[in-house]
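Beneath this line is the structure, given in structure tokens, with notes to follow.
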4 protein chains.
Amino acid sequence: MARTTDGDGTPVPQRLLAAATRLFAEQGYDRTSVQEIVEAAGVTKGALYHYFGSKEDLLQEVYARVLRLQQERLDDFADSDAPVDERLRSAAADVVVTTIENLDDASIFFRSMHHLSPEKNKQVRSERRRYHERFRALVEEGQRAGVFSSATPADLVVDYHFGSVHHLSTWYRPDGPLTPQQVADHLADLLLRALRP
Amino acid sequence: MARTTDGDGTPVPQRLLAAATRLFAEQGYDRTSVQEIVEAAGVTKGALYHYFGSKEDLLQEVYARVLRLQQERLDDFADSDAPVDERLRSAAADVVVTTIENLDDASIFFRSMHHLSPEKNKQVRSERRRYHERFRALVEEGQRAGVFSSATPADLVVDYHFGSVHHLSTWYRPDGPLTPQQVADHLADLLLRALRP
Amino acid sequence: MARTTDGDGTPVPQRLLAAATRLFAEQGYDRTSVQEIVEAAGVTKGALYHYFGSKEDLLQEVYARVLRLQQERLDDFADSDAPVDERLRSAAADVVVTTIENLDDASIFFRSMHHLSPEKNKQVRSERRRYHERFRALVEEGQRAGVFSSATPADLVVDYHFGSVHHLSTWYRPDGPLTPQQVADHLADLLLRALRP
Amino acid sequence: MARTTDGDGTPVPQRLLAAATRLFAEQGYDRTSVQEIVEAAGVTKGALYHYFGSKEDLLQEVYARVLRLQQERLDDFADSDAPVDERLRSAAADVVVTTIENLDDASIFFRSMHHLSPEKNKQVRSERRRYHERFRALVEEGQRAGVFSSATPADLVVDYHFGSVHHLSTWYRPDGPLTPQQVADHLADLLLRALRP
DNA sequence: AATGAATGAGCATTCATTCAT
DNA sequence: TATGAATGAATGCTCATTCAT
């Protein structure tokens with residue numbers, strides 16, 4: 001067993017990433033000090049700077065992990081061979097459920113992205129765009145097939161839906177009346193109903 | 001009168017509020033220093049603290065002004081005697097247009113609200129709720145009248161729409177292909193289409 | 001009735017002096033802001049600076065009033081035609097009683113004197129010295145008459161007694177077991193007993 | 001080891017403590033800025049806050065060191081097997097000598113203690129009380145043995161003496177006519193004479 | 001006699017980052 | 001691989017004092 005793990009066996013970089021994610025979500029990026037992160041992870045500052053070049057690098061890693069996960073799930077749904085309306089409904093509902101299950105990640109996304117330096121911001125945005133375009137392609141496919149109304153530009157439809165997804169971290173409470181799946185079904189339903197020809 | 005205004009004739013508190021609004025939107029609350037604000041407003045720190053108790057008070061004032069304006073507009077639309085679907089469509093489109101026209105305020109709202117202390121946060125949230133409830137009442141009125149589908153709880157419908165409004169500050173660019181009014185019409189249309197029985 | 005009094009009829013300068021005395025004693029000179037003083041006195045800053053040149057002037061006035069009172073009392077006792085031991089005992093006990101009755105003044109004296117500028121400090125010290133010398137003269141008179149032991153220099157005897165007087169503000173509590181008069185009698189007794197030949 | 005010391009080989013925390021002690025005594029706690037302290041110690045602010053949590057912590061450390069030293073000396077004298085009047089005389093004289101030798105510490109004690117937060121103040125006071133009680137026990141022992149008069153409560157006797165000790169920082173000057181030891185002998189003598197039956 | 005807006009210098013504290021070990 | 005002492009610049013805020021009215 002290498003030195004990079006501690007009592008609990010989790011490697012140091014992952015412990016740092018987990019601690020940072022939780023703290024960034026709870027307090028915001030600027031209000032979380034490097035000292036707090038290393039204390040929560042049970043290591044020292046030197047260790048953090050051994051694995052990450054800066055506090056900002058840590059934030060970017062949090063983003064990278066989330067983006068990778070979301071893109072994988074979207075690709076899976078979009079690549080299935082179900083009818084396009086079912087594929088869109090599944091993907092639209094899934095992003096709601098996984099966002100609720102990782103509300104910390106979502107909070108960080110919509111509140112801390114502007115804390116990245118221009119270059120890193122650009123990189124994250126381009127990965128976001130890839131995600132957005134995959135989703136938009138589904139909408140356009142349905143519009144071309146006449147399954148969805150073409151009254152609204154597909155881009156706007158996607159932003160309409162993702163607006164509500166981002167908004168989840170503002171109002172969703174685990175102890176509220178609806179389960180994540182129920183919320184997801186309702187929101188996907190609203191999207192599909194809005195797209196009825 | 002001479003003392004409370006400067007070269008441009010605008011009272012000092014309003015100059016400070018305007019400068020703070022712009023800077024909070026551009027850089028975020030934590031990244032904007034009091035020094036930057038007073039320099040942008042052309043006054044000294046002492047003057048700022050003469051009118052505002054703290055940097056946080058300044059942020060709260062920004063919120064208070066926006067909330068007041070939005071509530072007034074919503075009340076006007078909701079109180080008209082047009083049919084309920086027209087009233088909802090007008091209100092839904094209007095909030096989009098005014099949000100786009102004041103994107104700075106919107107950015108601050110969705111990125112900096114968590115920087116308020118618990119008490120102030122509570123106060124702002126309760127005013128937000130009042131706004132939300134007025135909007136929800138419109139949806140419920142239409143559902144009771146059978147004009148709108150009751151498939152989705154009215155609360156969720158409202159959050160669906162406001163998610164897309166908040167999201168505007170993330171993607172809307174003045175030099176994009178759509179005018180504010182066009183965006184507003186499309187988004188209001190999506191809402192009304194989703195509510196078709 | 002002039003403008004210098006308010007609802008309660010007390011002239012503004014005296015109200016300021018009383019407020020300052022209380023606040024300086026409670027919080028210390030440096031920790032008391034001019035704003036607090038004027039609020040406690042129910043006037044504005046402009047009024048304070050109309051009557052007093054500076055915050056420091058206010059402190060000096062507090063001193064001046066106390067010194068005047070104490071000197072008057074000491075002179076009365078020292079000038080009586082009782083035997084010297086009785087005169088010393090009376091004066092020694094009286095300064096204890098009046099110090100306890102004005103513990104605020106005493107606290108200020110022993111904690112804030114070093115906040116005066118060199119010139120003002122010098123002036124206060126010279127008035128203190130006059131007081132000290134009058135007291136010392138009583139001791140010396142008794143020593144010359146053989147009523148008091150000459151084993152200790154009179155200066156040191158006076159400092160010994162006044163040390164205990166200054167110390168009162170550290171330990172005396174109105175709700176303690178001894179009345180001011182009892183404390184005074186005990187301390188004067190200790191002084192006289194120490195001076196027995 | 002190289003890092004924790006500088007040119008003169010004294011560890012940084014001790015250098016800071018020494019500089020703070022001198023400056024607090026000369027100018028008072030509130031009038032001494034953290035900047036002055038670190039400049040006097042030849043380090044930066046960051047270094048100070050690496051070792052001490054706050055300016056107040058620094059003050060408390062000054063107290064803690066003095067209290068420890070004084071308690072040790074008192075215990076040594078009180079535990080000897082000389083007659084009780086000799087033990088009291090030695091202890092009473094010793095506290096005078098060591099106070100004069102550390103007049104800075106004494107000044108801080110009697111002028112800055114009220115600058116501590118309530119909790120820290122309480123802690124320091126309780127250690128003071130332990131010291132006071134050890135001294136009082138000596139007086140009571142002599143009173144029970146009939147060596148000292150019981151006319152005055154022992155508590156008051158202790159406060160009488162310590163008043164004069166505190167007062168030293170007000171009037172004692174190294175270039176005065178009396179050596180520290182002479183002052184100590186006189187003050188101890190006054191105490192013992194006052195206690196004669 | 002009194003106001004209160006405005007100043008400007010100063011304050012204690014925080015923090016991401018570096019680097020000798 | 002990891003430590004932790006040290007840096008140095010920045011931050012929000014306070015306050016005695018001034019002065020046009």
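A note on names: the letters A, B, ... follow the listed sequences, proteins ahead of strands, and every chain is numbered from 1.
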Heavy-atom closest contact ([X] atom, [Y] atom, distance):
{"X": "D/Thr10", "Y": "D/Arg15", "value": "O-NH1, 2.9 Å"}
{"X": "A/Asp105", "Y": "A/Thr21", "value": "OD1-CG2, 3.3 Å"}
{"X": "D/Phe52", "Y": "D/Pro13", "value": "CZ-O, 4.0 Å"}
{"X": "B/Ile37", "Y": "B/Ala19", "value": "O-CB, 4.0 Å"}

Classify the ring geometry of D/Tyr63 against D/Phe109: parallel below 30°, tilted from 30° to 60°, perpendicular beyond 60°. tilted
Gap between atoms [atom1] and [atom2], on [X] and [N] respectively (whole Å):
{"X": "B/His115", "N": "F/dG12", "atom1": "NE2", "atom2": "P", "result": "12 Å"}
{"X": "C/Glu39", "N": "E/dG4", "atom1": "CD", "atom2": "C1'", "result": "13 Å"}
{"X": "B/Leu59", "N": "F/dG12", "atom1": "CG", "atom2": "C1'", "result": "14 Å"}
{"X": "C/Arg15", "N": "E/dA2", "atom1": "CZ", "atom2": "C1'", "result": "13 Å"}
{"X": "C/Leu48", "N": "E/dG4", "atom1": "CG", "atom2": "P", "result": "15 Å"}

Taking B/Asp104 first and then B/Arg22, would you say they form a salt bridge - that is, a charged N and a carboxylate O separated by under 4.0 Å?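 Here B/Asp104 does not pair with B/Arg22 in a salt bridge, since their nearest N and O are not under 4.0 Å apart.
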D/His50 or A/His50: which one's nearest nucleotide on DNA chain F is closer to the 5' end?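 Result of the comparison: A/His50.
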Contacts of type side chain to side chain contact (heavy atoms under 4.5 Å, CB included), residue A/Ser33, not counting sequence neighbours: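 Residues passing side chain to side chain contact (heavy atoms under 4.5 Å, CB included) with A/Ser33: A/Gln35, A/Glu36.
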Nearest 0.5 Å please: distance from the CZ atom of A/Arg125 over to the CG atom of A/Leu116.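 If we round to the nearest 0.5 Å, A/Arg125:CZ and A/Leu116:CG are 10.0 Å apart.
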Ignoring the backbone of B/Val43, work out which of F/dT7, E/dA6, E/dT7 is nearest its side chain.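 Of the options given, the side chain of B/Val43 lies nearest E/dT7.
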Between N or O atoms, less than 3.5 Å apart, protein on one side and nucleotides 13-17 of chain E on the other: list the pairs.
from, atom 1, to, atom 2, distance (Å)
E/dT13, OP2, D/Tyr49, OH, 2.4
E/dT13, OP2, D/Lys55, N, 3.0
E/dT13, O5', D/Tyr49, OH, 3.3
E/dT13, O4, D/Lys45, NZ, 3.0
E/dA16, OP1, A/Thr32, O, 3.4
E/dA16, OP1, A/Lys55, NZ, 2.9
E/dA16, OP2, A/Val34, N, 2.7
E/dT17, OP2, A/Tyr49, OH, 2.7
E/dT17, OP2, A/Lys55, N, 3.0
E/dT17, O4, A/Lys45, NZ, 3.0

Terminal helix-axis angle for the helix from E/dA2-F/dT21 to E/dT21-F/dA2, with five pairs defining each axis and rounding to 10 degrees: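 The angle separating the two end axes equals 10°.
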